Amino acid sequence: MPARSGAQLSRRVGQKKQRLSEAERSRSLPDVARTPSPEEPCSGPHTCLGPPATTGPQRSIYFLSPKDHPARLGSEFFDQPGVRLARALLGQVLVRRLADNTELRGRIVETEAYLGPEDEAAHSRGGRQTARNRGMFMKPGTLYVFIIYGMYFCLNVSSQGDGACVLLRALEPLGGLETMQRLRSTLGKGASGRALKDRELCNGPSKLCQALAIDKSFDQRDLATDGAVWMECGPPGPKPAVVAAARVGVSRAGEWAQKPLRFYVRGSPFVSVVDRTAEQMQA
DNA sequence: AGCGAGATTATCT
DNA sequence: GATAATCTCGCTC
């Protein structure tokens with residue numbers, strides 16, 4: 001089939017080239033990068049607080065200057081069973097600090113729980129443990145980043161339970177939107193680099209990784225201590241309504257594909273896939 | 001708004 | 001050699 005449109009052929013050329021340049025090797029920086037505040041689980045009306053934190057001095061986050069970072073979520077927050085963590089993560093803020101100190105922030109609005117060996121949709125199904133999915137078996141708060149379809153990344157947080165974790169599927173961008181725009185736009189290549197709407201920046205598991213420059217080098221990092229990525233308690237406010245729906249892209253997993261293990265903030269325009277039927281049932 | 005196709009490769013069998 | 005927790009684009013309705 002030689003006679004295709006010449007214009008079409010040349011358009012696609014040079015579309016590859018990863019965005020790894022921005023995803024520099026900023027591993028856990030030893031000293032300064034130790035990031036803000038100590039472990040101080042947020043104590044707002046939200047559900048940030050898992051078990052009561054009895055460790056360390058009780059200092060209120062309100063004593064920190066407003067310009068300062070609110071409480072960083074510590075290990076105890078992540079130490080919850082999968083479903084509970086998946087729900088508790090909604091509303092929390094994922095923060096990514098780039099090598100140039102730019103901070104990118106997004107409020108989590110959609111998650112999925114993967115429950116471990118019995119979960120036919122999980123990478124750890126049947127107790128499979130490989131070099132790739134090791135992060136799923138590490139302590140709660142450990143990141144599990146894997147490559148999907150040979151070119152995208154998905155970001156998970158290990159939860160309580162062997163081989164269990166929570167997939168982050170969508171964020172509401174809060175800070176560093178210009179940088180996210182740049183990281184997401186079809187980088188410099190062909191003319192197709194249109195501007196994305198805010199709602200298009202992080203509304204998908206691989207889109208949010210692209211927007212926050214998160215790649216395989218983040219696999220197995222600890223959210224509680226890493227210098228380039230962490231979580232903060234979301235802003236206080238009324239508890240948002242949560243929809244429980246079937247997970248996305250796991251239709252092959254039999255009965256486990258149907259289980260309501262995906263959770264998202266009802267009405268949020270930043271969610272990747274809305275399930276009207278589930279919403280109806282949970283009206 | 002929704003469908004179909006193509007992209008592209010680490011990981012597992 | 002087949003698969004995959006996805007995304008983008010182009011076309012149709």
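Quick caveat: nothing in here was measured; it's all calculated off a predicted structure. Residue numbers begin at 1 in each chain, while the letters A, B, ... track the order of the sequences.
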Do A/Glu112 and A/Arg247 sit within salt-bridge range, that is, some charged N less than 4.0 Å from a carboxylate O? no
How close or far is atom P of B/dC12 from atom CZ of A/Arg125, stated in whole angstroms? 10 Å
Base, sugar-phosphate, or nothing: which does A/Arg247 touch, judged by heavy atoms less than 4.0 Å apart? nothing
Using OP1 and OP2 only, check whether a side-chain N or O of A/Lys216 sits under 4.0 Å from B/dT11. yes
Strictly by modelled atom types, are A/Tyr264 and A/Glu279 linked by a side-chain donor-acceptor pair under 3.5 Å? yes
I'd like to know if the side chain of A/Trp256 pairs up with that of A/Gln258 as donor and acceptor (distance under 3.5 Å, no hydrogens or angles considered). no
A/Tyr149 over C/dT6, stacked by centroid distance under 5.5 Å, angle under 30°: yes
Nearest-Å distance for atom pair NE2/P, residues A/His123 and B/dT11: 12 Å
Report yes if at least one side-chain N or O of A/Arg169 is closer than 4.0 Å to OP1 or OP2 of C/dT6; otherwise report no. yes
Under a 3.5 Å limit for both distances, which nucleotide forms a Watson-Crick or G-U wobble pair with B/dA10, could you say? C/dT3
Mind calculating the distance between CZ (A/Phe146) and P (C/dT6) to the nearest angstrom? 7 Å
Under-4.0 Å salt bridge between A/Arg221 and A/Asp226: yes
Verify the contact: side-chain N or O of A/Thr130 to OP1 or OP2 of B/dC12, cut-off strictly under 4.0 Å; return yes or no. yes
Using heavy atoms to find the nearest nucleotide of DNA chain C for A/Arg252 and A/Lys207 separately, return the residue whose nucleotide is more 5′. A/Arg252
Side chain of A/Ile147 only, please: which of B/dA10, C/dT6, B/dC12 is the nearest? B/dA10
Establish, with yes or no, whether the OP1 or OP2 oxygen of B/dT13 is under 4.0 angstrom from a side-chain nitrogen or oxygen of A/Arg128. yes
Counting Watson-Crick and G-U wobble pairs only, both distances under 3.5 Å, name the nucleotide matched with C/dG10, or none. B/dC3
Rounded to the nearest 0.5 Å, what's the gap from OH on A/Tyr152 to CG on A/Asp215? Could you check? 15.0 Å
Between P on B/dA7 and CD1 on A/Ile148, what's the gap in Å once rounded to a whole number? 18 Å
If you check every side-chain atom of A/Met151, which of B/dT8, C/dT6, B/dC12 has the closest atom? B/dT8
Listed nucleotide nearest any side-chain atom of A/Arg132, set B/dC12, B/dA7, B/dT13: B/dC12
Interatomic distance, A/Phe153 CZ vs B/dT8 P [rounded to whole Å]: 15 Å
Mind checking if A/Leu167 touches a base, just sugar-phosphate, or nothing, with heavy atoms under 4.0 Å? base
Let me know the distance between CG of A/Asn203 and P of C/dA5, rounded to the nearest Å. 19 Å
Rounded to whole Å, please give me the gap between NZ in A/Lys197 and C1' in B/dA1. 13 Å
Name the residue from A/Val271, A/Val243, A/Val109 that meets the side-chain contact (heavy atoms from CB on, under 4.5 Å) definition with A/Arg266. A/Val243
Can you identify which nucleotide, out of C/dC7, C/dT8, C/dA5, has its nearest atom closest to the A/Arg184 side chain? C/dT8
What is the distance from CD of A/Glu112 to P of C/dA5, rounded to the nearest Å? 11 Å
